[in-house]
Number of protein chains: 2
Amino acid sequence: MSIFSQISFKDQAFKLRENAILDATTAVLSSKGFDLMTMDDIAGVVGISKPSLYKHFKSKEDLVGEALIRLIDGAIEYMAQLDDALSPIGKLSALLEWALRVRLAGGMPFLPSTSPQVREMLMRNMRYVLKVMKLNGQLEKLVAAAQKTGDLNPDLPSDVILFSYYSRTCDPAAEFLQKFSKMSTEDIVTHMLKVAFNGIK
Amino acid sequence: MSIFSQISFKDQAFKLRENAILDATTAVLSSKGFDLMTMDDIAGVVGISKPSLYKHFKSKEDLVGEALIRLIDGAIEYMAQLDDALSPIGKLSALLEWALRVRLAGGMPFLPSTSPQVREMLMRNMRYVLKVMKLNGQLEKLVAAAQKTGDLNPDLPSDVILFSYYSRTCDPAAEFLQKFSKMSTEDIVTHMLKVAFNGIK
DNA sequence: TATAAAATCTACTAATTAGTATCGGATATT
DNA sequence: AATATCCGATACTAATTAGTAGATTTTATA
């Protein structure tokens, strides 16, 4: 076995484990939130020790930042592969649907919407902020375009629409329905989308 | 000074401080959330020592429970004093407006919507659960009535409406608007209500 | 003013957890 | 097979915080 393939194999294993760590982090974040998530939790789920975990990520802050960056990357990628012929509101609807499905599968943490502390922490993470700004820019354009055609209410300030749109991706109603009603994931997604765009009237 | 008036005076002071403690708890909960709120925080804000705090509430769990019970009592009282001539959807709108104003004034914690741990803790609190059930019963009736008249969408399952309604009381969009837009509280409330009932379309 | 009673605070314990120093064991080359 | 290198785990430190014991001060009455 040559030196090169060996290194590459190790790198591959390293990368694989890194992904497993990020998966675990996303899952634990989704269920317990940032404050209650411990590094021992993550190490335990992945099946490695805490020092090994610190070989990959230098702090809890860093780890969570990377997990969220991966999530936003997912959203950006999802946006990129959408059919360009789709209308602005069609794209917004598709992305929200994607987010709701990810959430219902247990892969979308509430943060950073809920805790100012966590929000501040993330805002110090340059890479995270850049990703968020990129996605936000795309969404702003879609909202503006949809307001122009009247597909979204032109009388509402655009930030009201945008912030409300974001909020729907972490709407606790979805989880309540999953937990306390016997509704299928499909139905929950359908209804949540309907409520997001048309309200409850 | 008679023994009776003295006792009553002491009781009064005790009650006053208890209220101050609950105020502080609600405020700290709203800003930091349950996990980051410490008993020292509360004692510090009120200006008493931790042991004195424990004279009033036997644990953090108990303290938070009482604070939330007081909040729900506020909602129930608000409902009770509404004009009975008001339509079901009028009452729902009024209560949501009340909740949004309380929230924007920093007096409405996110919990229990966000953390399963906190939710579980609260579910063990019988008095809290009873209050919640009482309020929930009233709201269920209002939703059903409003669906019957067509003021709320009759095609949506009633729990979708009810859970969505609850979610709007802790919609992070309100705080984002307060923080990042120059909008007045009045405008934020107006727009949030509009979005809640009519969506963003 | 002196004493009894109550309330309040200072200073502690025990438990948790982020982060690390060091040791033992696996892997690869000679 | 022997040795060098690297990886990971055990077992620690330091800091935080819920909850409490005991000292101290305040208040009320005689």
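- Residues Q81(B) and Y78(B) approach most closely at NE2-O, 2.9 Å, considering heavy atoms.
- In this structure, I21(A) places its CD1 atom 12 Å from C1' of dG8(D), rounding to the nearest Å.
- What you find for P109(B) and L68(B) is that their closest heavy atoms are CG-CD2, 4.1 Å.
- R17(B) has a side-chain polar atom (N or O) that falls below the 4.0 Å cut-off from OP1 or OP2 of dT8(C).
- Between D23(B) and R70(B) a salt bridge is recorded (basic side-chain N to carboxylate O distance below 4.0 Å).
- OP1 or OP2 of dC9(C) sits under 4.0 Å from a side-chain N or O of S52(B).
- Per the geometry, CG belonging to L53(B) stands 12 Å off P belonging to dT20(D), to the nearest Å.
- Regarding I48(A), its CD1 atom lies at a distance of 17 Å from the C1' atom of dA26(C), rounded to whole Å.
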key: Under 4.0 Å protein heavy-atom contact, by nucleotide of nucleotides 11-19 of chain D - B base, S sugar-phosphate only   = ------SBB
message = Set out, in order, the CA-CA distance, both residues' side-chain angles and the distance that settles side-chain hydrogen bond (donor to acceptor under 3.5 Å, both in side chains) for D40(B) and T38(B), then state yes or no.
response = CA-CA 5 Å; D40(B) 286 303; T38(B) 74; 4.8 Å; no
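- The pair R101(A)-E186(A) counts as a salt bridge, with a side-chain nitrogen and a carboxylate oxygen less than 4.0 angstrom apart.
- In this structure, NZ of K55(B) is placed 11 Å from P of dA6(C), rounded to the nearest angstrom.
- Taking every heavy atom of both residues into account, M121(B) and V64(B) meet most closely at CE-CG1, 4.0 Å.
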